[in-house]
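FYI, side chains are in, hydrogens and waters are out, and symmetry mates aren't considered; it's all heavy atoms of this structure. Chain naming here is simple, since letters A, B, ... match the order of the sequence lines and numbering starts at 1 in each.
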Amino acid sequence: MDKFTVARTLDEIGRYLALTESNPFKSRAFDRAARAIEALDADVAKLVASGEIKNVSGIGKATAEIVAEIINTGSSTYLEELRAQFPPGIFDLLRIPKLGLKKIGQLYAELGIASIDALEEAARNGQIAKLKGFGPKTAQQILGGVEFARQRQSKFLLPRGIEAGERIRMLLADIAEIEDAEVSGSVRRRLEICRNVNIVVATKKLESVLAKLPDILDGLEMLDEQTAKGTTGRDIEVRLHFTTPAEFGAELLRTTGSEEFVSAFGKIPKGRTEQDVFEKRHIAFVEPERREDASELSRKKRVRLVQASDLRGTFHVHTTFSDGRNTMHEMLSAAKERGYEYVGISDHSKSAYYAGGLTEDRLREQHAEITAQEKAVKPMRVFRGTEADILGDGSIDYGPDTLRKFDFVIASVHSQFQMQKDQMTERILRALDDPSVTFLGHMTGRRLLTRDGYTFDYDRVFERAGERGVMIEINGNPQRLDIDWRLVKRALDRGVVFSIHPDAHSISEYNAMITGTWAARKAGLTKKEIFNARGLDEVAEFLAARRKNRTAGL
DNA sequence: GCCGTTTTCGGCCCGACTGTTTTCAGTCG
């Protein structure tokens with residue numbers, strides 16, 4: 001039983017209490033207890049056994065008993081009781097924007113609504129507009145939200161596509177009559193949002209393969225003689241393209257797309273591998289990520305795009321000092337295990353109250369903790385940083401004296417997203433003028449399938465970032481993948497350097513370095529344009545020089 | 001529900017925004 005299982009149970013209790021309880025602090029107490037459990041460096045079961053669990057701040061009498069029960073039995077009777085009061089799936093309603101737990105609780109209590117379909121019905125027939133605290137505008141908003149959630153349902157983020165594609169491919173590979181199978185389509189192109197998973201299947205015995213497919217995909221149907229469609233997991237559409245081994249490469253190229261690329265490629269000759277097909281046409285191989293349009297087809301030589309293994313270290317890592325779920329010790333150890341030469345810790349700054357941003361006092365504690373831990377991870381170097389809020393007026397959170405203490409500063413917008421374009425542009429430009437700023441964090445602010453980024457003049461920002469030597473982050477969080485790879489060329493032309501960061505809030509989120517690298521490849525970046533593809537000495541020297549300049553007030 | 005003490009109740013991470021209100025509640029970050 002690991003601490004995260006315990007924390008998840010407490011979180012779920014907290015979520016149910018937010019539906020039922022009029023006192024919001026009771027629900028929040030469970031959230032806080034969950035965070036307290038996550039922040040433990042010690043083994044939860046041992047703390048329970050010794051009774052020390054009650055000494056953990058945020059864990060009281062009631063939560064200590066629940067934690068003990070989870071450790072001893074694997075579940076919580078309190079949670080089971082709460083679950084029994086509501087239909088399963090009631091939390092699906094959270095997918096509707098502007099619907100939170102309070103309103104969902106009210107909708108269920110007064111109208112028995114526990115599904116998106118029921119919600120839509122009640123919004124249409126006027127029941128919702130009549131509820132206290134709701135009204136015609138809210139009802140209208142909900143209908144828009146239902147539409148939004150449904151549209152989104154048929155799309156999914158890249159990691160789900162990769163996972164589903166690889167799983168199906170392995171199952172297909174177990175079928176004796178299948179000679180080869182490979183994922184193609186937008187997943188292979190590493191597009192951040194996908195609509196379906198395409199897989200090319202090479203076989204000489206289509207009939208017997210088709211007979212075995214119902215074990216692998218649900219709702220199977222043939223779109224034509226060479227194409228089957230079905231679903232997997234939570235309604236991910238999968239398309240299988242059947243071909244012969246002799247034409248496998250050609251079919252892989254054709255179904256990888258994009259349409260624009262394939263059309264510009266022209267006649268596709270037969271070929272067992274894609275490489276064969278490119279060679280027959282005397283075209284230099286174009287990486288799948290770079291096939292969104294025809295622009296790469298004219299190159300004389302294959303470009304070696306940046307790879308995850310080129311990255312020597314990373315920045316933008318959170319810990320339990322702010323809103324991370326793993327401790328400093330755990331995050332540093334995990335970075336070292338990944339073979340990094342350096343890691344830059346950057347918890348939130350003091351204005352980010354909602355994310356547990358660090359006051360100056362907490363910052364001192366954090367630096368002391370780094371000092372205590374960094375010896376253990378040698379020779380990996382630990383850089384002291386912050387993800388500082390760009391405040392509404394463009395100033396950087398923390399005063400100059402505090403900012404001087406950091407090896408690096410990631411400046412990010414976390415508030416007032418709906419600012420007018422001109423004002424937002426000035427805000428970000430002013431932040432770039434601050435000599436303490438090293439990186440511009442998640443530049444567009446987009447959350448894929450959730451919200452668009454904020455509005456500002458990208459080119460003016462690129463121009464200024466280039467002038468000031470501020471690097472732009474490629475945030476690898478699959479929900480962000482920000483800066484959008486489509487914008488990278490424009491920044492590159494103005495001399496901007498990029499850095500691939502995980503924005504990790506837990507050990508497992510270091511995996512965002514891989515998604516981030518895909519985004520960098522999609523943008524056509526090579527390792528010479530990536531800051532954290534440089535070795536420790538070079539990076540340390542760069543940061544030290546920048547720090548010296550800013551101390552001198554240059 | 002948890003915490004702290006100027007202990008056994010009153011506060012609980014803050015601010016912008018929106019729609020519902022006529023003074024506030026819920027959501028979002």
Side-chain angles (χ1 to χ4, degrees), chain A residues 9-11 13-37 53-67 76 78-79 82 93-107 109 123 128-145 148 318 320-323 347-359 361-362 387-393 397 412-420 423-424 427 441-442 444-447 450-454 477 479-480 482 503 505:
Chain A
T9 308
L10 293 170
D11 271 328
I13 292 172
R15 238 179 12 220
Y16 277 112
L17 290 176
L19 293 180
T20 55
E21 278 287 326
S22 52
N23 175 12
F25 297 105
K26 189 167 170 180
S27 157
R28 248 205 260 165
F30 279 86
D31 296 341
R32 292 186 61 180
R35 302 289 80 74
I37 294 290
I53 191 78
K54 290 193 204 74
N55 303 334
V56 176
S57 178
I59 304 288
K61 190 169 178 295
T63 44
E65 275 173 28
I66 291 168
V67 171
S76 154
Y78 187 41
L79 175 58
L82 287 165
L93 293 174
L94 284 171
R95 300 215 314 267
I96 311 296
K98 311 282 165 72
L99 268 196
L101 290 164
K102 203 79 200 171
K103 281 186 176 160
I104 291 170
Q106 189 188 353
L107 287 167
I128 285 182
K130 277 184 270 178
L131 288 184
K132 191 162 63 159
F134 288 71
K137 274 196 179 167
T138 305
Q140 203 54 42
Q141 232 177 31
I142 284 175
L143 282 177
F148 177 76
H318 296 270
T320 49
F321 272 91
S322 64
D323 60 349
D347 275 307
H348 286 282
S349 63
K350 64 178 174 181
S351 291
Y353 305 100
Y354 58 89
L358 272 53
T359 59
D361 282 347
R362 284 283 288 161
E387 184 184 14
D389 273 30
I390 299 175
L391 303 177
D393 64 357
D397 199 13
S412 305
V413 170
H414 285 122
S415 59
Q416 291 165 274
F417 300 131
Q418 57 303 301
M419 204 174 256
Q420 290 301 308
Q423 206 186 347
M424 186 62 103
R427 178 186 183 183
H442 46 70
T444 76
R446 69 179 184 177
R447 300 288 291 212
T450 303
R451 64 153 198 251
D452 293 333
Y454 13 92
N477 180 323
Q479 267 100 47
R480 293 189 182 272
D482 191 4
D503 197 354
H505 289 76

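In this entry the distance linking CD1 of A:Ile390 with P of B:dG29 reads 18 Å, nearest Å. Residue A:Ile53 contributes atom CD1, which lies 18 Å from atom P of B:dG1 at whole-angstrom precision. Here the P atom of nucleotide B:dC28 and the CG atom of A:Leu101 are 9 Å apart, to the nearest Å. Regarding A:Glu21, its CD atom lies at a distance of 7 Å from the P atom of B:dG1, rounded to whole Å. Atom CZ in A:Arg95 sits roughly 17 Å away from atom P in B:dT27 (whole-Å rounding). Between the CE atom of A:Met419 and the P atom of B:dC28 there is a distance of 21 Å, given to the nearest Å. Rounded to whole Å, atom P of B:dC3 lies 12 Å from atom NZ of A:Lys54. Atom pair A:Arg447:CZ and B:dG29:C1' shows a separation of 9 Å (rounding to whole Å applied).
Judged as a ring-ring contact (aromatic ring centres under 6.0 Å, His included), and not counting sequence neighbours, A:Tyr353 has no contacts. Taking A:Lys102 as the reference, nothing meets the salt bridge (Lys or Arg N to Asp or Glu O under 4.0 Å) condition, with sequence neighbours excluded.
When the P atom is compared between B:dT5 and B:dG1, the two are found 22 Å apart, to the nearest whole Å. Rounded to the nearest Å, the gap between the P atom of B:dA25 and that of B:dC12 is 15 Å. When the C1' atom is compared between B:dC13 and B:dC3, the two are found 15 Å apart, to the nearest whole Å. Straight-line distance between the C1' atoms of B:dC14 and B:dC9: roughly 24 Å, to the nearest whole Å. The gap from the P atom of B:dC28 to that of B:dT20 amounts to 15 Å, rounded to the nearest Å. A gap of 28 Å separates the C1' atoms of B:dA16 and B:dC2, to the nearest Å.
Backbone-only engagement by A:Ser57 is indicated by non-hydrogen atom pairs under 4.0 Å involving sugar-phosphate atoms exclusively. Using a 4.0 Å heavy-atom distance criterion, A:Ile59 is classed as a sugar-phosphate-only contact. A:Pro24 comes within 4.0 angstrom of nothing in the nucleic acid, heavy atoms only. Nucleic acid contact for A:Val413: none, since no nucleic acid atom lies under 4.0 Å from a heavy atom of the residue.
Within the shown strands, nothing qualifies as a pairing partner of B:dT8 under the Watson-Crick or G-U definition with both distances less than 3.5 Å.
Side-chain atoms of A:Asp389 do not come within 3.5 Å of backbone N or O of A:Leu391 as any donor-acceptor pair. No donor-acceptor pair closer than 3.5 Å links the side chain of A:Arg446 to the backbone N or O of A:Arg451. Between the side chain of A:Glu387 and the backbone N or O of A:His318 there is no donor-acceptor pair closer than 3.5 Å. Not a single donor-acceptor pair under 3.5 Å links the side chain of A:Ser27 to the backbone N or O of A:Leu17.
The heavy-atom pair separating A:Ala355 from A:His348 by the smallest distance is CB-CD2, 3.5 Å.
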Show each protein N/O and nucleotides 12-22 of chain B N/O combination with a separation under 3.5 Å, one pair to a line.
from   : atom 1 : to       : atom 2 : distance (Å)
B:dC13 : OP1    : A:Arg28  : NH1    : 3.2
B:dC17 : OP1    : A:Gln418 : NE2    : 3.4
B:dG19 : OP1    : A:Gln141 : NE2    : 3.4
B:dG19 : O3'    : A:Thr138 : OG1    : 3.1
B:dT20 : OP1    : A:Gly135 : N      : 3.2
B:dT20 : OP1    : A:Gly135 : O      : 3.2
B:dT20 : OP1    : A:Lys137 : N      : 3.3
B:dT20 : OP1    : A:Thr138 : N      : 3.0
B:dT20 : OP1    : A:Thr138 : OG1    : 2.9
B:dT20 : O3'    : A:Phe134 : O      : 3.3

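Looking at the side chain of A:Thr63, the nearest of the listed nucleotides B:dG29, B:dG1, B:dT27 is B:dG1.
Distances shorter than 4.0 Å separate some side-chain N or O of A:Arg451 from OP1 or OP2 on B:dG29.
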Discussion item. If you apply the rule side chain to side chain donor-acceptor pair (under 3.5 Å), what do you find for A:Asp397 with A:Ser351, and how did you get there?
Written reply: CA-CA 7 Å; A:Asp397 199 13; A:Ser351 291; 2.9 Å; yes
